[in-house]
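Here the structure is laid out as structure tokens; the discussion comes afterwards.
Predicted model, so just to flag it, every value in this text is computed and none were measured.
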Amino acid sequence: MANTQSAKKHVRSSYRKWLRNRYVKGKMRGALQMVNNAIAAGDAEQALSLMPNAASQLDKAAKKNVIHHKKAARLKSRMMHKINALQAQ
């Protein structure tokens, strides 16, 4: 357990950050999962329509430093490659 006053404050603030990060990550993962499910089902139209929301959630997570901005770019790129490959079939 934290002994000093500043250590106690750090515990409280890190808990608040953890809650906020968990919420943002959950929204991000949910959006990605919806796109992945559409890709797995072979529905390129639906995947393409869900992609802007997923990209937005990734950008928001990157902006809030929940994930690295290059990870957000990499995930968006890989998702679009999958969608484009599905449309080419």
Less than 3.5 Å apart, which donor and acceptor atoms pair up between the side chains of residues 66-84 and the rest of the protein, not counting sequence neighbours?
{"from": "H68", "atom 1": "ND1", "to": "K70", "atom 2": "N", "distance (Å)": "3.1"}
{"from": "K76", "atom 1": "NZ", "to": "D59", "atom 2": "OD1", "distance (Å)": "2.7"}
{"from": "K76", "atom 1": "NZ", "to": "D59", "atom 2": "OD2", "distance (Å)": "3.4"}
{"from": "N84", "atom 1": "ND2", "to": "M80", "atom 2": "O", "distance (Å)": "3.3"}

message = Considering only residues two or more places apart or on different chains, which pairs with a residue in residues 2-11 satisfy salt bridge (charged side-chain N to carboxylate O under 4.0 Å, His left out)?
response = none
Enumerate, atom names and distances included, each donor-acceptor pair closer than 3.5 Å involving a side-chain atom of residues 32-45, sequence neighbours excluded.
{"from": "N36", "atom 1": "ND2", "to": "L32", "atom 2": "O", "distance (Å)": "3.4"}
{"from": "N37", "atom 1": "ND2", "to": "Q33", "atom 2": "O", "distance (Å)": "3.4"}
{"from": "D43", "atom 1": "OD1", "to": "Q46", "atom 2": "N", "distance (Å)": "3.3"}

ask   = If you round to the nearest 0.5 Å, how far is OG of S56 from CE of M51?
value = 10.5 Å
query = Mind checking what makes side chain to side chain contact (heavy atoms under 4.5 Å, CB included) contact with A7, not counting sequence neighbours?
reply = A2, T4
request  = Please collect all salt bridge (charged side-chain N to carboxylate O under 4.0 Å, His left out) contacts where either partner lies in residues 11-31, sequence neighbours excluded, each pair once.
outcome  = none
key: Side-chain heavy-atom pair V24, K60 within 4.5 angstrom cut-off   = no
remark   = Residue pairs passing the ring-ring contact (aromatic ring centres under 6.0 Å, His included) test with at least one member in residues 16-43, sequence neighbours excluded, are Y15-W18
